[in-house]
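Here is the naming used below: chain letters follow the sequence lines, and residue numbers restart at 1 for every chain.
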Protein chains: 2
Amino acid sequence: MKKKSIKDIAQELGYSKTTVSFVLNNKGDEKNISKKTQEKILAYVREVNYQPNQIAKSLKKGKTNTIGYLIPDISNPFYAKIGRLIEDLLADKGYHLIIGSTDETQEKEDLLLNMFVNRQVDGLILASSFENLGMLNTLAAQRFPMVFFDREHPDFFGNYILVENKNAMKGAVQKAIKHGAKKIGLLSITPNVYSLELRIDGYREALSDNLIDIDNSLIRIVDNNNLKESTKVQLKHLVEDQVDTIVFTNNQITAHAIWAMNIFHQEKIDDIRFVSFDNLDLFDYSKPKVTSVAQPIEKIAHYTVDILEEVMNKKECISKRIVLEPKLIERL
Amino acid sequence: MKKKSIKDIAQELGYSKTTVSFVLNNKGDEKNISKKTQEKILAYVREVNYQPNQIAKSLKKGKTNTIGYLIPDISNPFYAKIGRLIEDLLADKGYHLIIGSTDETQEKEDLLLNMFVNRQVDGLILASSFENLGMLNTLAAQRFPMVFFDREHPDFFGNYILVENKNAMKGAVQKAIKHGAKKIGLLSITPNVYSLELRIDGYREALSDNLIDIDNSLIRIVDNNNLKESTKVQLKHLVEDQVDTIVFTNNQITAHAIWAMNIFHQEKIDDIRFVSFDNLDLFDYSKPKVTSVAQPIEKIAHYTVDILEEVMNKKECISKRIVLEPKLIERL
DNA sequence: GCTTTTTACTAAACCGTTTTACTAAATCGA
DNA sequence: TCGATTTAGTAAAACGGTTTAGTAAAAAGC
């Protein structure tokens, strides 16, 4: 039982491919196909459960209804959640998602970008590390529909959906200071992307503005390749340095630090406050207490899809930069 | 600057499409294309950065190198993690993933299954709720390459990668009993899939085997559509019923219960032990203590991809059922 | 009753590849 | 030196749709 094509349908019914195609695409009336014929074709198509070949359609139409979702890691809850929201929003418009996780490596990003282009995706949603500006610039030059989120690059001009990184972080740290924080450490993954640098800048500014000396030994970078273990090690340094507050630049590292505090520093667990960029459900009850800067993921997903649709439809070269306000969730 | 096709390359270089295609597919030698010509073509192709159109290729070859990943929700860490592992394993073989989240609804599952078929995916990896056995049977009858994981249906004959649900749960509960559990409640999402029923059966068997009466009022089902709130409500009942242990059938509900215990039942937090199917990092330190049955997600991903490849390559109709052993992680 | 318009449909080109079946020229063997 | 083989390629069909440009017959207009 091979799959039936329009050609088969046409032959079996004694019509031409053209007629069948018109009917299937709801152009029957417009193209003067008689009601009787239309019904006959539709009935038959239903009977044999004909399924159009999207690939053939895509080739002819030059449109695949597919969007590439390029991110560091789909198993990171932040990208998974936004991915899910985007999936639903796009599904309503008839688009579907191909995913690509880069692990922040240029090699994989290149490969995936090429794959997406070869597969003729209609657009790209990406949280890129911008290590391959060359390829991105080429795509931008061809006006390939792209929307970037979560990360930005000062030298790359494109559509961005971002959150206020610096000021949000600054605000969170300032609140902590207002509530008595004096010795404030920072733990970050390697700040290979601009957004992370901005978060660190926010931390620095909060300290300066409050006349707290910035002690670079309290700013510690963990090894991305060995996140959990490295977080544990760096955290130990900060605990030994008697900080009263630790600031984290993303949720993954905060989660690992909570783990390490509970397993290795129980005795200090009530003496240290955490401030995290990104929220996690477990922050509602975890120890230490975590005040977090929650990104508005629904809004991020909405804007991303909206702007992508705009750039896919319009021929003009628009370039929007939308900066959303994160929400500070204080837990004291 | 429109995209170049093989035709353009051929014209610009004065060769035929055939020759260019042969060279690009490494069939130059085999097809007796001279070294000089091969080099000329390859050099030019590189110069103009020619990118083959995968869609055209797929149409002609009848192969898209795309796999559909159909699951309840990609933002569920369990499916996201397995998804990521599968993504990497498949990428090595030249395949990529289109995702579809069903929210456990038959409507969405139907729509997505149809979408995958129309898009000519080469295979399907699915954690289906099996509510649309009809459609799945149709696909199975056409020998569509499919591998099911995480869930099974007793009436559906296909390739399954599963974990021992009943015995693993039974073992976990028995351990709890051995460590003194006397009054043991159970909290589950609606057991609309067989795997969940098996887990509940495991709980029941553990109690019977240890001569503990099964009190159906201690078996509580939460509302899938309002998981967090409903978990809180049902948990309250169990706490008030003075259970000393609560068994959960998946990680999502356990996470919500940990949240609810911390927020609403602090005073009892040391009196109750949790037993969870599925592991989460936070179980390492969360209160209450959580003993968990950890699914071997790496193995699941490996077997899934292996079997899928097998069924895609072999024409014979194989039907494997692989049952993996989960790991009990005791935290006392 | 003849031209014009409308109705109902179709042939063929096309999207960008792959692949089968050829051909013309060069080389080889005896 | 002549037939066979090898070398180096090409033309055209095919994949399964969409779309353009048509056509023949029926209906309408006058």
J.: Please determine, for the side chain of B/Lys31, which listed nucleotide (C/dT20, D/dG17, D/dG9) has the closest atom?
T.: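 Among C/dT20, D/dG17, D/dG9, the one nearest the side chain of B/Lys31 is C/dT20.
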
J.: So, is B/Lys17 close to the D/dT10 phosphate, meaning a side-chain N or O under 4.0 Å from OP1 or OP2?
T.: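 For D/dT10, neither OP1 nor OP2 has a side-chain N or O of B/Lys17 closer than 4.0 Å.
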
J.: Between D/dG16, C/dT17, C/dT19, which one does the side chain of B/Leu59 approach most closely?
T.: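 Minimum distance to the B/Leu59 side chain belongs to D/dG16.
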
J.: Counting side-chain heavy atoms from CB outward, which of C/dT17, D/dG9, C/dC15 is closest to A/Lys60?
T.: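 That would be C/dC15.
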
J.: Measure from CD on B/Gln51 to C1' on C/dG16 and round the result to the nearest Å.
T.: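 Going from CD in B/Gln51 over to C1' in C/dG16 covers 14 Å.
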
J.: If each of B/Thr37 and A/Ser5 is mapped to the nucleotide of DNA chain D with the nearest heavy atom, which maps nearer the 5' terminus, i.e. the 5' end?
T.: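 By nearest-heavy-atom nucleotide position, the 5'-most residue is B/Thr37.
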
J.: Apply the side-chain hydrogen bond (donor to acceptor under 3.5 Å, both in side chains) test between A/Ser128 and each candidate in A/His153, A/Glu109, A/Arg151; give the one that qualifies.
T.: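 By the side-chain hydrogen bond (donor to acceptor under 3.5 Å, both in side chains) criterion, A/Ser128 pairs with just one of A/His153, A/Glu109, A/Arg151: A/Glu109.
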
J.: Could you go through the side-chain hydrogen bond (donor to acceptor under 3.5 Å, both in side chains) check for A/Thr37 and A/Tyr15 one step at a time?
T.: CA-CA 9 Å; A/Thr37 304; A/Tyr15 289 105; 3.3 Å; yes

J.: So does B/Asn32 get a side-chain nitrogen or oxygen closer than 4.0 Å to the phosphate oxygens (OP1/OP2) of D/dT6?
T.: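 No.
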
J.: Could you check whether A/Tyr44 and A/Tyr50 have their ring centres less than 6.0 Å apart?
T.: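 Ring centroids of A/Tyr50 and A/Tyr44 are no less than 6.0 Å from each other.
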
J.: Determine: side-chain N/O of A/Ser34 to OP1/OP2 of C/dC9, distance under 4.0 Å, yes or no.
T.: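 True: A/Ser34 side-chain N/O within range (under 4.0 Å) of C/dC9 OP1/OP2.
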
J.: Give a yes or no on whether a salt bridge exists between B/Asp103 and A/Arg84, defined as a side-chain N under 4.0 angstrom from a carboxylate O.
T.: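 Salt bridge flag = yes for A/Arg84 with B/Asp103.
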
